[in-house]
Amino acid sequence: MKQKTVLKLQMNNPKTRSKAMKVVVGVPGVLSAAIEGEEKNKIVVIGEGVDSINLTRLLRKTMGFAELVSVTPMDQKKKQDDDYKSHDVTKTVKPIAWANQASVPPYVYQYQEPNHDPCSIL
């Protein structure tokens with residue numbers, strides 16, 4: 001799904017603007033990026049499957065300050081109109097069984113009794 005992401009940055013000169021644009025364009029899924037705002041301090045990113053949190057973190061690492069202003073879907077209105085016309089209003093919701101993916105399997109160890117032979121040569 002296409003989404004529009006707006007990020008606020010501190011871009012005082014053209015060098016920092018080009019640096020921020022290089023980071024944004026390098027993220028997979030970005031279709032277009034533009035600098036907007038009165039002070040040229042906002043980047044508008046349009047993409048499909050772009051992780052906006054990851055993009056904000058990358059910009060914070062390189063630029064020092066980045067604020068995620070908004071994330072809005074682009075084609076949401078057309079889909080909602082089609083859904084109301086073609087589908088029944090009552091839908092069944094299936095519960096999702098979440099697997100604990102972050103868990104680590106328990107550490108398994110074996111206990112061996114020490115050898116109690118009186119003679120250490122055998």
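Model, not experiment: these values are computed from the prediction. Atoms considered below: every heavy atom in the structure, side chains included; atoms not considered: hydrogens, waters and symmetry mates.
- Ala20 and Leu59 get closest at one heavy-atom pair: O-CD2, 4.0 Å.
- Hydrophobic clustering (side-chain heavy atoms under 4.5 Å, transitive across Ile, Leu, Val, Met, Phe, Trp, Tyr) keeps Val6 apart from Val71.
- Each of Thr72, Ile46, Val50 was scored for a side-chain contact (heavy atoms from CB on, under 4.5 Å) with Gln3, with one residue passing: Val50.
- Residues Met21 and Ala33 approach most closely at CE-O, 3.6 Å, considering heavy atoms.
- In terms of heavy atoms, Thr16 sits closest to Asn12 at OG1-N, 3.4 Å.
- There is no path of hydrophobic side-chain contacts, each under 4.5 Å, that joins Val44 to Leu7.
- Taking the side chain as every heavy atom from C-beta outward, Asn41 and Leu9 never approach each other to under 4.5 Å.
- Taken from CD1 in Ile53 to CG in Leu68, the straight-line distance is 5.5 Å, to the nearest 0.5 Å.
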message: Let's go through Ile43 and Met11 carefully: what are the C-alpha distance in whole Å and the side-chain angles of both, what is the deciding distance for side chain to side chain contact (heavy atoms under 4.5 Å, CB included) to 0.1 Å, and is it a yes or a no?
response: CA-CA 10 Å; Ile43 293 182; Met11 298 183 290; 4.0 Å; yes

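- The shortest non-hydrogen separation linking Ala66 to Arg60 is O-NE, 2.9 Å.
- Across all non-hydrogen atoms, the minimal contact from Lys19 to Thr62 is NZ-O, 3.4 Å.
- Rounding to the nearest 0.5 Å places CE of Met63 at 12.5 Å from CG of Leu58.
- Checked by atom type and distance alone, the side chain of Asn54 never pairs as donor or acceptor with a backbone atom of Arg57 at under 3.5 Å.
- For the atom pair CD1 (Ile35) and NZ (Lys42), the distance works out to 13.5 Å, reported to the nearest 0.5 Å.
- A pairwise comparison of heavy atoms in Gln10 and Phe65 identifies CG-CD2, 3.8 Å as the closest pair.
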